[in-house]
Amino acid sequence: MSRRLILGPTTALAEGPEGFVAYHPPTRRIHRLNPTASLLISLCDGTRDRDQIEEASAAVLDRSTASAWIDLALHDGLIAHESDPIPRTTAAEFAELADELRSDGAVEAAFICRSRAVELAPDDLDIAYGLAELAHILGRRDVARTMYERWFEAHPDDAEVAHLLISLRDQPPPPRASDEAIKHLYKRFSSNYDESMVDDLEYRAPDLLENAVDAAVEDRDDLAILDIGCGTGLSGLRLRPRATSLTGIDLSPEMVARARSRAIYDRLETAEITAWLADDDGTRFDLITACDCLIYFGDLAQVLAPARKRLRSKGLMVLTVERGDHAPFALTDNGRYTHHRTHIEQAAKKSGFRVSWIDEEVLRYEYGEEVVGLVATLRADGADPAEPEASRLRAGSLLQGGDAIGAALR
């Protein structure tokens with residue numbers, strides 16, 4: 001009796017850069033198939049038995065080698081006989097397994113399982129969205145774009161996906177991410193923001209910002225401080241000891257609510273950064289900080305120019321951005337802008353600042369990879385004499401000390 005061969009009922013299969021990749025959940029193994037093995041497994045589609053598969057592949061592989069591969073694939077569970085009494089894994093089960101694997105950090109295995117889930121349930125948009133996110137993480141732009149396009153066609157009001165598709169479609173970047181995109185992102189992210197950033201990603205930007213502030217203001221604790229893009233208040237916690245007044249603004253009402261629960265700000269407002277700065281009520285600040293919020297802007301002068309006008313005569317601005325290799329800035333596939341060092345210098349000069357200090361630091365980790373940023377201290381141009389050499393040396397010492405902190409975290 002003819003026994004046709006199929007993909008193993010519990011096996012997930014996805015296309016990789018050089019051939020298929022398969023994940024076998026019972027053994028938790030990833031199999032990377034070369035082009036020949038990819039051909040053989042693609043022939044195991046339930047329409048052929050062993051003899052027919054060996055015959056179909058004869059042009060590129062002798063029968064004995066094909067037969068040996070079939071034996072090995074049967075042993076490893078990659079393929080099975082159609083009549084074998086093996087329970088079939090459903091699309092929902094593959095999607096659930098993908099979520100578990102992603103949670104455990106096994107992103108590639110999760111991607112393979114999601115790919116199989118999409119194959120089994122092509123009309124399930126939630127499964128497709130999950131595959132888009134995993135493809136995004138792995139740098140599989142083609143898959144991410146296809147899946148996000150599928151989702152966006154049915155959800156044209158999803159501003160976050162609309163923003164992600166700009167880069168994935170290789171379209172010219174907008175001046176900044178839209179308000180709607182940022183609100184959508186942080187409405188979803190706000191509930192576990194601190195836990196995700198601090199515990200999972202080893203987020204160091206607030207500490208680095210604090211080091212830069214300490215170096216610039218020395219022992220002062222009488223500052224009027226504005227924390228733009230304050231988020232949940234991670235940077236505000238570090239600024240509070242320096243402040244006689246601490247104001248925080250953020251576009252996300254959910255993030256502002258979490259910041260308010262800390263009871264560290266004298267004033268908190270939900271507002272878009274540039275609009276709030278431009279709506280001048282006469283309040284002036286000694287220090288303005290921007291901890292990782294400028295990653296949603298292209299040309300930094302959009303923020304630096306109105307910020308300069310809100311500073312007192314000897315005011316400072318301290319900021320962090322993600323470092324970019326291409327000047328002046330670029331919109332990446334993750335929806336964030338990266339900035340080149342020279343752009344910070346040029347935007348600062350254009351806006352009435354001079355760069356007092358700028359250095360590279362690791363801001364956080366994403367899936368084990370360093371996210372390198374720039375930490376910059378800007379001084380209102382012409383407001384005071386050149387920074388003393390001792391102060392600059394102290395800033396260098398403190399910021400370099402961040403490497404030791406990062407090493408300890410790792």
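Residue numbers count from 1 along this sequence. Worth saying up front: this structure is predicted, and the values here are computed from it rather than measured.
- The pair Glu180-Lys187 does not meet the salt-bridge criterion, since no charged nitrogen lies less than 4.0 angstrom from a carboxylate oxygen.
- Relative orientation of the His24 and His31 rings is perpendicular, given thresholds of 30° and 60° on the angle between their planes.
- Of the possible polar contacts, none joining the Arg308 side chain to the Phe353 backbone as a donor-acceptor pair under 3.5 Å is found.
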Discussion item. Could you walk me through whether Ser167 and Asp333 satisfy the side-chain hydrogen bond (donor to acceptor under 3.5 Å, both in side chains) test, starting with their C-alpha distance in whole Å, then the side-chain angles of each, then the deciding distance to 0.1 Å, before giving a yes or no?
Written reply: CA-CA 5 Å; Ser167 179; Asp333 285 350; 2.6 Å; yes
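- The residues Lys309 and Asp280 are annotated as not salt-bridged, no charged nitrogen and carboxylate oxygen being separated by less than 4.0 angstrom.
- Ring-plane geometry between Phe189 and Tyr193 is classed as perpendicular, the angle between the planes exceeding 60 degrees on a 0 to 90 degree scale with a lower cut at 30.
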Practice prompt. Quick one: do Phe94 and Arg114 satisfy side chain to side chain contact (heavy atoms under 4.5 Å, CB included)? Show the steps, please.
Written response: CA-CA 6 Å; Phe94 272 123; Arg114 273 277 175 180; over 6 Å; no
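- In this structure, a donor-acceptor pair under 3.5 Å is present between the side chains of Asp45 and Thr47.
- In this structure, Asp227 does not pair ionically with Arg267, as no charged nitrogen and carboxylate oxygen lie closer than 4.0 Å.
- Comment: Arg50 engages Asp71 in a salt bridge, judged by a side-chain N to carboxylate O separation of less than 4.0 angstrom.
- With hydrogens and angles left out, the side-chain atoms of Thr320 and Asp292 include a donor and acceptor closer than 3.5 Å.
- Inter-residue side-chain proximity for Thr338 and His326 is flagged as unmet; no heavy-atom pair is nearer than 4.5 Å.
- In Arg88, the CZ atom is not crowded: 12 or fewer heavy atoms of neighbouring residues, nucleotides or ligands sit closer than 6.0 Å.
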Worksheet item: Step by step, would you call Tyr296 with Arg336 a side chain to side chain contact (heavy atoms under 4.5 Å, CB included)?
Response: CA-CA 6 Å; Tyr296 299 112; Arg336 303 190 297 264; 4.2 Å; yes
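- Side-chain atoms of Val21 and Phe111, non-hydrogen and from C-beta on, never get closer than 4.5 Å to each other.
- Contact annotation: the side chain of Glu15 never approaches that of Leu13 to less than 4.5 Å [non-hydrogen atoms, C-beta and beyond].
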Discussion item. Walk me through whether Ile273 and Leu251 qualify under side chain to side chain contact (heavy atoms under 4.5 Å, CB included).
Written reply: CA-CA 7 Å; Ile273 289 172; Leu251 185 58; over 6 Å; no
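- Atom-to-atom distance recorded for Ile53:CD1 and Ile70:CD1 is 5.0 Å, nearest 0.5 angstrom.
- Under the 3.5 Å distance criterion, the side-chain polar atoms of Arg150 are matched with a main-chain donor or acceptor of Pro122.
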Practice prompt. Decide side chain to side chain contact (heavy atoms under 4.5 Å, CB included) for Met255 and Thr232; before the verdict, give the C-alpha distance in whole Å, the side-chain angles of both, and the deciding distance to 0.1 Å.
Written response: CA-CA 5 Å; Met255 298 288 274; Thr232 64; 3.8 Å; yes
Worksheet item: Would Arg240 and Asp266 satisfy salt bridge (charged side-chain N to carboxylate O under 4.0 Å, His left out), going step by step from the backbone distance to the final call?
Response: CA-CA 10 Å; Arg240 181 70 259 181; Asp266 300 293; 3.0 Å; yes
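- Between Asp250 and Arg260, no side-chain nitrogen of the basic residue sits less than 4.0 Å from a carboxylate oxygen of the acidic one, so the salt-bridge criterion is not met.
- Just one residue in the list Asp207, Leu209, Asn211, Val213 forms a side-chain contact (heavy atoms from CB on, under 4.5 Å) with Arg238, and that residue is Asp207.
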Discussion item. Test salt bridge (charged side-chain N to carboxylate O under 4.0 Å, His left out) on Asp170 and Arg145; report intermediate values, then the result.
Written reply: CA-CA 10 Å; Asp170 295 316; Arg145 183 177 62 252; 5.5 Å; no
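- In summary, the aromatic rings of Tyr129 and His155 are positioned with their centroids too far apart to meet the 6.0 Å limit.
- Residues Asp221 and Pro241 form no side-chain contact, since every pair of their non-hydrogen atoms from C-beta on lies 4.5 Å or further apart.
- Between Arg28 and Asp104 no salt bridge is recorded (no basic side-chain N to carboxylate O distance below 4.0 Å).
- In this structure, Glu369 places its CD atom where only 12 or fewer heavy-atom neighbours from other residues, nucleotides or ligands lie under 6.0 Å away.
- Here the straight-line distance linking atom SG of Cys230 with atom CD1 of Ile264 works out to 8.5 Å at 0.5 Å rounding.
- The OG1 atom of Thr283 sits 9.5 Å away from atom CG of Leu226, with the distance rounded to the nearest 0.5 Å.
- Between Tyr337 and His163, the two ring planes are tilted [angle within 30° to 60°].
- Salt-bridge formation is not detected for the pair Glu210/Arg242: no Lys NZ or Arg NE/NH1/NH2 atom is positioned less than 4.0 Å from an Asp or Glu carboxylate oxygen.
- When the shell of 6.0 Å around CD of Glu96 is examined, it contains 12 or fewer heavy atoms from other residues, nucleotides or ligands.
- Applying the 6.0 Å contact sphere to CD of Glu18 captures no more than 12 heavy atoms from other residues, nucleotides or ligands.
- Summarising the local packing, CD of Glu55 is surrounded by 12 or fewer heavy atoms from other residues, nucleotides or ligands at distances under 6.0 Å.
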Discussion item. Would Asp281 and Arg310 count as a salt bridge (charged side-chain N to carboxylate O under 4.0 Å, His left out) here? Give the steps.
Written reply: CA-CA 9 Å; Asp281 64 357; Arg310 301 300 297 271; 2.9 Å; yes
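- For the residue pair His340/Thr342, the side-chain donor-acceptor check at 3.5 Å is satisfied.
- Atom CD of Glu153 sits in a sparse spot, with 12 or fewer heavy atoms from other residues, nucleotides or ligands closer than 6.0 Å.
- Between Ile127 and Arg116 the shortest side-chain heavy-atom distance does not fall below 4.5 Å.
- Atom CD of Glu100 is surrounded by more than 12 heavy atoms from other residues, nucleotides or ligands within 6.0 Å.
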